[in-house]
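Keep in mind it's a predicted model, so treat the numbers as computed, not measured. Start at 1 and go down the list; that is how both ligands and their atoms are numbered. Index from 1, following the sequence.
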Amino acid sequence: MTTTSAPPHEESAEDPSAFERALGQFLLHYKFGLDEILTKINILREELAFRGTGNPIEHVSSRLKSPESLRAKAARIGCPLELDAIAGQITDIAGVRIVCSFIADAYQVLDMLTTQPDVTVRTIKDYVAQPKPNGYRSLHAIVEIPVFLSDAVRTVTVELQIRTAAMDFWASVEHKIYYKYDKDVPAELVEELSAAARVAHELDTRMAELHRIVHG
Ligand code: GTP
Ligand code: MG
């Protein structure tokens with residue numbers, strides 16, 4: 001078995017359908033990577049439920065970039081339409097979002113996933129300890145995971161976003177506002193969002209305190 005990087009394909013004017021096929025296969029490998037991470041999350045959920053130590057994971061969602069949105073992102077960041085370049089430069093082809101009840105759970109889940117021996121951490125960004133200027137909070141990790149194919153091993157990247165329900169609520173509202181105003185949000189709404197982010201964080205802090213009182 002050989003370890004390969006992305007299949008060496010680039011968009012060629014002579015045969016665009018060959019590139020389409022290669023892109024389909026390329027994306028399938030990311031879907032497998034996503035499946036592996038989702039299995040890991042399900043194992044953690046079931047094992048922790050069995051142990052009766054409480055479930056740190058509220059819900060999980062995942063998405064694979066469509067060929068159209070991959071092309072659009074490549075064009076936006078000036079990445080050549082060539083699979084090796086895309087694999088190196090676009091790290092959110094496969095994305096998983098894990099929503100937890102409490103901040104401590106988010107860190108625990110991040111730790112439980114990123115310390116597994118077949119998971120290689122590329123980057124971790126802690127926007128919980130250091131929120132973005134708009135108030136966005138979340139834990140982000142770009143991880144690499146091997147996918148075992150019939151005749152090769154492919155390593156793919158998966159973007160993990162781990163956050164509390166309060167952070168998730170804020171991020172989904174902010175995302176809608178951001179797109180409604182075509183990324184040019186009026187100053188008063190920016191201020192309002194920032195205030196709402198502070199309230200969301202206070203809710204997280206107070207809920208953690210209640211949890212501590214009840215469960216010790
Ligand atoms: P991209 O923004 O995806 O090109 O990557 P990046 O290198 O800027 O990474 P970053 O960690 O900043 O963001 C990755 C992803 O996190 C984004 O694609 C969003 O899904 C989410 N995200 C980051 N910042 C915000 C934010 O301010 N608001 C919301 N709603 N989501 C955000
Ligand atoms: Mg960004």
Side-chain angles (χ1 to χ4, degrees), residues 6 23 26-27 30-31 33-34 37-38 41 57-100 103 105-107 109-111 113-114 119-145 156-204:
L23 184 61
F26 176 83
L27 287 173
Y30 281 83
K31 186 214 165 268
L34 209 49
I37 294 286
L38 292 172
I41 295 167
I57 299 171
E58 285 283 329
H59 57 263
V60 178
S61 57
S62 66
R63 68 108 186 85
L64 192 67
K65 263 196 196 299
S66 65
E68 302 72 50
S69 99
L70 191 59
R71 283 168 179 276
K73 181 152 186 177
R76 199 169 68 244
I77 66 171
C79 171
L81 218 48
E82 190 264 305
L83 297 181
D84 255 340
I86 292 172
Q89 293 180 42
I90 304 186
T91 52
D92 63 346
I93 296 170
V96 179
R97 185 171 293 155
I98 305 170
V99 176
C100 301
I103 292 174
D105 294 341
Y107 282 103
V109 168
L110 176 72
D111 194 55
L113 287 172
T114 55
V119 173
T120 304
V121 175
R122 223 156 109 170
T123 57
I124 291 186
K125 292 187 196 165
D126 185 349
Y127 296 124
V128 172
Q130 275 171 319
K132 289 197 169 187
N134 62 358
Y136 176 80
R137 283 179 201 261
S138 230
L139 300 175
H140 288 186
I142 306 292
V143 300
E144 290 175 348
I145 181 144
V156 297
T157 56
V158 178
E159 181 187 270
L160 305 175
Q161 294 182 356
I162 310 175
R163 49 173 75 145
T164 63
M167 294 172 198
D168 192 50
F169 185 29
W170 183 92
S172 72
V173 173
E174 189 268 353
H175 184 77
K176 283 178 200 139
I177 293 176
Y178 190 72
Y179 280 95
K180 180 174 163 70
Y181 288 94
D182 202 14
K183 305 175 186 179
D184 193 16
V185 182
E188 62 274 19
L189 274 184
V190 170
E191 191 39 57
E192 195 52 34
L193 276 168
S194 161
R198 287 192 291 275
V199 173
H201 188 58
E202 201 200 327
L203 180 63
D204 272 336

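Between Gln161, Arg97, His175, it is Gln161 that holds the heavy atom closest to atom 15 (C) of ligand 1.
Listed by number with element, the atoms of ligand 1 under 4.0 Å from a non-hydrogen atom of Ala171 are 30 (N). For ligand 1, the atoms sitting less than 4.0 Å from at least one non-hydrogen atom of Tyr127 are 10 (P), 11 (O), 12 (O), numbered in the order shown with element in parentheses. Listed by number with element, the atoms of ligand 1 under 4.0 angstrom from any heavy atom of Lys73 are 1 (P), 3 (O), 4 (O). Residue Lys132 approaches ligand 1 through these ligand atoms, each under 4.0 Å from one of its heavy atoms: 10 (P), 12 (O), 23 (C), 24 (N). Distances below 4.0 Å separate heavy atoms of Asp92 from the following atoms of ligand 1: 3 (O).
In terms of N/O distances under 3.5 Å, ligand 1 is not approached by Ser172. Among the atoms of Lys125, some N or O lies under 3.5 angstrom from an N or O of ligand 1. Between Glu174 and ligand 1, at least one N/O pair is under 3.5 Å apart. For a threshold of 3.5 Å applied to N or O pairs, the pair formed by Trp170 and ligand 1 contains no separation below that value. In terms of polar-atom proximity, defined here as any N/O pair under 3.5 Å, Asn134 does make such a contact with ligand 1.
Taking CD1 from Ile98 and CD1 from Ile37, the interatomic distance works out to 8.0 Å, rounded to the nearest 0.5 Å.
Note on Arg137 versus Asp204: no salt bridge recorded, every NZ/NE/NH1/NH2 to OD/OE distance being 4.0 Å or above. Ion pairing between a basic and an acidic side chain is recognised when a charged N comes within 4.0 Å of a carboxylate O; Arg198 and Glu191 show such pairing.
Not a single heavy atom of Tyr178 sits under 4.0 Å from any atom of ligand 1.
The aromatic rings of Tyr127 and His140 lie perpendicular to each other, with more than 60° between the two planes, well past the 30° mark.
Using a distance-only test at 3.5 Å, with no hydrogens or angles considered, a donor-acceptor pair links the side chain of Trp170 to the main chain of Leu193.
With Asp92 as the fixed residue, the salt bridge (charged side-chain N to carboxylate O under 4.0 Å, His left out) test singles out one of Arg122, Lys73, Arg97: Lys73.
With sequence neighbours excluded, no residue forms a side-chain hydrogen bond (donor to acceptor under 3.5 Å, both in side chains) with Glu188. Applying the side-chain hydrogen bond (donor to acceptor under 3.5 Å, both in side chains) test to Tyr107 and every residue at least two apart in sequence or in another chain returns Asp126.
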